[in-house]
Protein chains: 2
Amino acid sequence: MATDDLMTRALDTLGDDGLPSVEAIHRLTDPAAVSEPMTIAEVADLLDTSPHTLRYYERAGLVDVPRDSQGHRLYDTEAVRRLVFLTRMRLSGMPMRDLQHYVALVDAGPSTEPERLAMLVEHRAFIRRRIRELNLSLTATEYKIATYGGATGPDVA
Amino acid sequence: MATDDLMTRALDTLGDDGLPSVEAIHRLTDPAAVSEPMTIAEVADLLDTSPHTLRYYERAGLVDVPRDSQGHRLYDTEAVRRLVFLTRMRLSGMPMRDLQHYVALVDAGPSTEPERLAMLVEHRAFIRRRIRELNLSLTATEYKIATYGGATGPDVA
DNA sequence: CTATGGCTTTGAGCGCGCTCGAACGCAAAC
DNA sequence: GTTTGCGTTCGAGCGCGCTCAAAGCCATAG
């Protein structure tokens with residue numbers, strides 16, 4: 001388990017309220033400062049995932065990865081950048097199917113930008129709804145902790 | 001799809017910021033005002049799920065449901081209450097496994113209250129982390145929408 | 001020279017949470 | 001009386017996202 005992966009570092013820039021600061025945005029826009037090609041293990045560590053998963057993403061057509069003379073993957077800046085995006089989207093609940101569609105649009109050229117933008121806007125709405133749901137469950141859980149009697153229902157006084 | 005299920009109603013009590021109001025808490029503590037037994041279809045509609053799923057939860061040992069003279073399920077207040085709790089926990093990401101453990105603890109009596117409380121506290125931490133992750137992804141998505149150029153990376157100026 | 005370790009490919013397997021199909025029962029509606 | 005509709009049980013199937021096993025290649029270490 002990576003203890004200093006991207007997400008961990010990014011979360012550290014947030015307050016306890018979970019609201020991102022201006023600094024957080026800068027970290028988001030500069031995910032991997034180094035520009036040298038990385039091995040699969042390094043990328044996996046950076047993204048807090050496994051080499052298995054990175055190969056799986058590649059097989060799924062989500063990213064193209066160059067090889068070195070021995071046939072080993074060497075992730076260049078472009079590939080790393082895309083994977084940062086992909087893992088972020090996955091983590092926030094976008095299905096593989098949609099990501100495959102998205103990258104197909106990217107590969108299809110600039111004419112598909114409106115559709116890509118529409119996907120992002122829809123995903124934004126999805127994330128917002130999820131956050132609202134989680135806040136509700138959080139409130140319910142906190143209420144249950146505070147008034148804990150052990151029943152499954154609220155057992156309102 | 002139920003358009004007036006519990007979650008929908010509860011979310012309506014929240015502001016756009018997703019922060020629950022005092023009223024929301026009251027709705028949470030009084031999920032189903034009626035106290036008459038409900039059919040499986042009614043409960044499914046209330047919880048925005050399917051009869052299939054409700055039977056599945058029962059088979060999984062999460063809840064006991066009384067039957068009428070014809071062998072049909074008649075959900076009493078206790079069962080509905082527990083299912084409200086269960087679906088809330090599921091929606092916020094608690095695994096079936098944990099829920100099975102939790103209800104086993106409930107059935108084991110008051111001596112297990114500390115462990116149940118510990119589970120809730122841990123789940124609260126889980127929800128909070130998820131919300132933080134989602135806020136981060138939300139920020140990233142909003143940034144990408146705002147600066148949209150269509151690449152998979154930020155393409156910082 | 002022979003391990004050891006990290007990478008490669010391919011296809012298969014798995015854990016989770018449903019979701020469905022089949023065969024059937026009962027009851028109210030036509 | 002039969003059709004329609006909603007319910008029942010049981011076991012099987014499915015979609016998703018990984019996750020792994022097997023067999024092999026190459027390079028550096030001892």
Side-chain angles (χ1 to χ4, degrees), chain A residues 1-2 5 7 37-76 79 83 85-103 123 126 130 133 137, chain B residues 1-2 5 7 37-76 79 83 85-103 123 126 130 133 137:
Chain A
M1 180 81 66
D5 59 278
M7 179 57 71
M38 304 171 70
T39 68
I40 193 168
E42 289 166 347
V43 177
D45 196 55
L46 175 73
L47 301 179
D48 198 24
T49 182
S50 72
H52 282 309
T53 300
L54 294 178
R55 293 190 199 104
Y56 165 70
Y57 286 176
E58 187 178 348
R59 261 201 288 183
L62 294 183
V63 62
D64 279 349
V65 183
R67 308 297 153 108
D68 65 10
S69 59
Q70 303 159 46
H72 290 195
R73 288 169 178 81
L74 262 195
Y75 291 80
D76 57 15
L83 282 169
F85 170 73
L86 292 171
T87 51
R88 241 197 262 296
M89 290 299 113
R90 284 292 306 118
L91 193 62
S92 55
M94 183 175 282
M96 290 291 291
R97 206 182 299 275
D98 291 5
L99 285 173
Q100 286 168 328
H101 184 54
Y102 188 92
V103 301
H123 187 59
F126 170 80
R130 270 305 282 154
E133 285 175 352
S137 292
Chain B
M1 179 84 63
D5 59 276
M7 181 55 72
M38 304 171 70
T39 68
I40 194 169
E42 289 166 347
V43 177
D45 196 56
L46 175 73
L47 300 179
D48 197 24
T49 183
S50 73
H52 281 309
T53 300
L54 294 179
R55 294 190 199 103
Y56 164 68
Y57 285 176
E58 187 178 345
R59 263 200 287 183
L62 294 183
V63 61
D64 279 349
V65 184
R67 308 298 153 108
D68 64 10
S69 59
Q70 304 157 46
H72 289 195
R73 287 171 179 79
L74 262 195
Y75 291 80
D76 57 15
L83 282 169
F85 170 73
L86 292 171
T87 51
R88 240 197 263 294
M89 290 300 111
R90 283 294 305 118
L91 193 63
S92 54
M94 182 175 283
M96 290 292 290
R97 206 182 300 275
D98 290 5
L99 286 173
Q100 287 168 327
H101 185 54
Y102 188 92
V103 302
H123 187 59
F126 170 81
R130 270 306 282 155
E133 286 174 351
S137 292

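Every chain is numbered from 1 and lettered A, B, ... according to where its sequence line falls, protein lines coming before strand lines.
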- Nearest-Å distance, CE (B:M89) to C1' (C:dG17)? 18 Å
- Item | Side chain proximity check, B:H123 to B:Y102, heavy atoms < 4.5 angstrom | no
- Whole angstrom is fine here: how far is it from OH in A:Y56 over to P in C:dT10? 16 Å
- Would you say A:Y57 reaches D:dC18's phosphate, i.e. side-chain N/O to OP1/OP2 under 4.0 Å? yes
- Item | Length of the CG-P vector between B:L47 and C:dC18, whole Å | 12 Å
- Message: What is the separation between atom CG on A:L54 and atom C1' on C:dG6, rounded to the nearest whole Å?
- Response: 15 Å
- Task: Walk me through it: do B:T49 and B:L83 pass the test side chain to side chain contact (heavy atoms under 4.5 Å, CB included)?
- Result: CA-CA 11 Å; B:T49 183; B:L83 282 169; over 6 Å; no
- With the side chain defined as heavy atoms from C-beta on, A:H52 is closest, among C:dC20, C:dG17, D:dC20, to D:dC20
- Salt bridge A:E58-A:R55, side-chain N to carboxylate O under 4.0 Å: no
- Message: Going by salt bridge (charged side-chain N to carboxylate O under 4.0 Å, His left out), name the residues that satisfy it together with B:R90, two or more places apart in sequence or in a different chain.
- Response: none
- Protein heavy-atom contacts under 4.0 Å, written 5' to 3' over nucleotides 7-13 of chain D as B (base), S (sugar-phosphate only) or - (none), form the string SBBBB--
- Message: What I want to check is whether the side chains of A:T39 and A:H72 have a donor and an acceptor closer together than 3.5 Å.
- Response: no
- Note on the structure: note: B:R90, atom CZ; C:dT19, atom P; distance rounded to Å ~ 11 Å
- Message: Just the rounded figure in Å: distance from C1' of D:dG15 to CG of A:D98.
- Response: 14 Å
- Message: Are the side chains of A:L91 and B:R130 in contact, using a 4.5 Å heavy-atom criterion?
- Response: yes
